[in-house]
Protein chains: 2
Amino acid sequence: MANKPELMPGTLDMLILKTLARAPLHGYGIAQAIKRLSDDVLTVEEGSLYPALQRLLLQGWAKAEWRMTETNRRARFYTLTPAGRKQLGVELSEFDQMIAAIHRVLQNA
Amino acid sequence: MANKPELMPGTLDMLILKTLARAPLHGYGIAQAIKRLSDDVLTVEEGSLYPALQRLLLQGWAKAEWRMTETNRRARFYTLTPAGRKQLGVELSEFDQMIAAIHRVLQNA
DNA sequence: TTCTATGCATAGACGTTCTATGCTATGGGC
DNA sequence: GCCCATAGCATAGAACGTCTATGCATAGAA
């Protein structure tokens, strides 16, 4: 039972945007990057990842194109749009605000 | 559209447990406390609150009894059980771990 | 007496994440 | 030549948590 998520709900889009802000990347690579940078704490399942990427495309926060990876495989590379970069800023500050608020509640002994 | 939640999904139970760890309280009071301590950033809607309280009861993390408030109203007071106190510890450390992991991903420029 | 604040509770909609599934293809080892 | 692990995309459906909307009740102030 007790199915604790490998991800904090609501933060996935932000994490993807941040990852893409470093460099264009394909889905698989994004998942790897998040897992690696978080020291294996955050795991992005494919069933979460691809719907999230669709959302980003739909919102105009990223665009996609098929290319070849360094290892000679075809993959869909996602690039952040200016709107996406702006959105990243918004989500980062909202996140910070949320965390700060939660800490205020938690620290009040 | 764009329906940003007033609450970070997955953190509500932790916030309630923490609030009850200070003193037994009724639902309405819990919502007030969280809102006040967070400087109005976190708003707990009733449709989120009461289902959450049911979860806590069901898990044995809190128990409830009807009492009168200071203002002479009948209300259901929730008290943390030992298991609930333990659970609070678990959720706090999981939360910290999550936040730390997210920060690692975000800070990696 | 009417209104506001206090107080509990549920049903249904909605969005996100997870599980499960299916498909393709590359490169290494046997 | 064949198998298998890895890389890679994608969707359907279940599960879950939160929000909107609704209903009910009562104390005290205006």
Side-chain angles (χ1 to χ4, degrees), chain A residues 1-17 24-36 41-59 62 64-78 91 94-95 98 102, chain B residues 1-17 24-36 41-59 62 64-78 91 94-95 98 102:
Chain A
M1 25 164 282
N3 235 357
K4 68 178 143 189
E6 300 296 343
L7 209 53
M8 184 157 282
T11 62
L12 180 54
D13 293 14
M14 178 181 69
L15 293 173
I16 295 177
L17 289 172
L25 204 51
H26 52 276
Y28 191 83
I30 293 169
Q32 297 284 323
I34 292 175
K35 189 181 177 71
R36 184 175 52 81
V41 174
L42 307 177
T43 303
V44 184
E45 305 294 339
E46 295 175 280
S48 311
L49 175 65
Y50 291 105
L53 289 171
Q54 300 296 334
R55 284 199 296 273
L56 299 194
L57 290 180
L58 215 70
Q59 302 283 138
E65 58 175 336
W66 289 94
R67 277 199 251 153
M68 282 297 164
T69 68
E70 300 165 1
T71 57
N72 197 31
R73 287 156 190 279
R74 82 186 224 305
R76 210 172 176 199
F77 280 77
Y78 294 83
E91 298 205 10
E94 284 179 358
F95 177 76
M98 273 284 179
I102 291 174
Chain B
M1 26 167 281
N3 232 358
K4 68 178 145 189
E6 301 295 342
L7 209 55
M8 185 156 281
T11 62
L12 180 54
D13 292 14
M14 178 180 70
L15 292 173
I16 295 176
L17 289 173
L25 204 50
H26 53 275
Y28 191 83
I30 293 169
Q32 298 283 325
I34 292 175
K35 188 180 179 71
R36 183 176 53 81
V41 175
L42 307 177
T43 303
V44 184
E45 306 295 339
E46 295 174 280
S48 311
L49 176 66
Y50 291 105
L53 289 171
Q54 298 298 335
R55 284 198 296 272
L56 300 194
L57 290 180
L58 213 70
Q59 302 284 136
E65 57 176 336
W66 289 94
R67 276 198 252 154
M68 281 298 162
T69 67
E70 301 164 2
T71 57
N72 198 30
R73 289 158 187 277
R74 82 186 224 306
R76 209 172 175 200
F77 281 77
Y78 295 83
E91 297 203 12
E94 283 179 358
F95 177 76
M98 274 285 179
I102 291 174

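With distances taken from any side-chain atom of A/Leu12 to the nucleotides C/dT17, D/dC9, D/dT18, the minimum falls on C/dT17. Listed nucleotides D/dC19, D/dC9, C/dT17 differ in distance to A/Arg76; the shortest reach to its side chain belongs to D/dC9. The B/Gln54 side chain lies nearest to C/dA9 when the options are C/dA9, D/dT18, D/dA10. Comparing atom distances between the B/Glu46 side chain and each of C/dA9, C/dT6, C/dT17 picks out C/dA9 as nearest. Of all nucleotides listed (C/dA9, C/dT6, D/dT6), C/dT6 comes nearest to the side chain of B/Tyr28.
The CG atom of B/Leu49 sits 10 Å away from the C1' atom of C/dC8 (whole-angstrom rounding). Between the CG atom of B/Asp13 and the P atom of D/dC16 there is a distance of 13 Å, rounded to whole Å. Taking atom OH on A/Tyr50 and atom C1' on D/dA12, their separation rounds to 16 Å, with Å as the unit. Atom P of nucleotide C/dG7 and atom CZ of B/Arg67 are separated by 13 Å, given to the nearest angstrom. If you take CD of B/Glu45 and C1' of D/dT22, they are 14 Å apart, rounded to a whole angstrom. As rounded to whole Å, 14 Å separates atom C1' of D/dT26 from atom NE2 of B/His26. Between B/Leu25 atom CG and C/dC8 atom P the separation is 9 Å, expressed in whole Å. Rounded to an integer number of Å, the gap from A/Leu57 CG to D/dC9 P is 12 Å.
When side chains are defined from C-beta on, A/Tyr78 counts as touching A/Leu53, because their heavy atoms get closer than 4.5 Å. At a threshold of 4.5 Å between non-hydrogen side-chain atoms, the residues A/Gln59 and A/Asp13 do not count as touching. Using a 4.5 Å heavy-atom threshold, the side chains of A/Ile16 and A/Arg55 count as separate.
Partners of B/Met98 under the side chain to side chain contact (heavy atoms under 4.5 Å, CB included) rule, at least two apart in sequence or in another chain, are A/Met8, A/Leu42. With sequence neighbours left out, B/Tyr50 forms a side chain to side chain donor-acceptor pair (under 3.5 Å) with no residue at all. Considering only residues two or more places apart in sequence or on other chains, A/Glu65 meets the salt bridge (charged side-chain N to carboxylate O under 4.0 Å, His left out) condition with A/Arg67. Remark: B/Arg74 engages no residue in a salt bridge (charged side-chain N to carboxylate O under 4.0 Å, His left out) (not counting sequence neighbours). In this structure, the side chain to side chain contact (heavy atoms under 4.5 Å, CB included) partners of A/Ala75, at least two apart in sequence or on a different chain, are A/His26, A/Thr69, A/Phe77. Contacts of A/Ala31 classified as side chain to side chain contact (heavy atoms under 4.5 Å, CB included), with partners at least two apart in sequence or in another chain: A/Val44, A/Leu49. Remark: B/Arg73 engages no residue in a side chain to side chain donor-acceptor pair (under 3.5 Å) (not counting sequence neighbours). Shown here are the side chain to side chain donor-acceptor pair (under 3.5 Å) partners of A/Arg36, two or more places apart in sequence or in another chain: there are none.
Annotation: salt bridge (Lys or Arg N to Asp or Glu O under 4.0 Å) contacts involving residues 41-52 of chain B, sequence neighbours excluded, are absent.
Mapped onto DNA chain C by nearest heavy atom, B/Trp66 and A/Gly10 fall at different nucleotides, with B/Trp66 at the one closer to the 5' end.
For B/Arg55, a side-chain nitrogen or oxygen approaches OP1 or OP2 of D/dT18 to under 4.0 Å. In terms of phosphate contacts, B/Arg74 brings no side-chain nitrogen or oxygen within less than 4.0 Å of OP1 or OP2 of D/dC24. Residue A/Thr69 places none of its side-chain N or O atoms closer than 4.0 Å to OP1 or OP2 of D/dA7.
Scanning both residues, A/Ala33 and A/Leu25, for their nearest heavy atoms gives CB-CD2, 4.5 Å.
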Identify each atom pair where a protein N or O and an N or O of nucleotides 12-14 of chain C are less than 3.5 Å apart, giving names and distance.
none

Pairs under 3.5 Å (N/O, protein and nucleotides 26-29 of chain C):
residue, atom, partner, partner atom, Å
C/dT26, O2, A/Arg73, NH2, 2.8

For DNA chain D, please output the secondary structure as dot-bracket, reading 5' to 3'. Pairs are Watson-Crick or G-U wobble, both atom distances under 3.5 Å; mark crossing pairs with [ ], other-strand partners with |, unpaired with a dot. ||||||||||||||||||||||||||||||
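Contacts of A/Gly29 with the nucleic acid, taken as non-hydrogen atoms under 4.0 Å apart, are absent.
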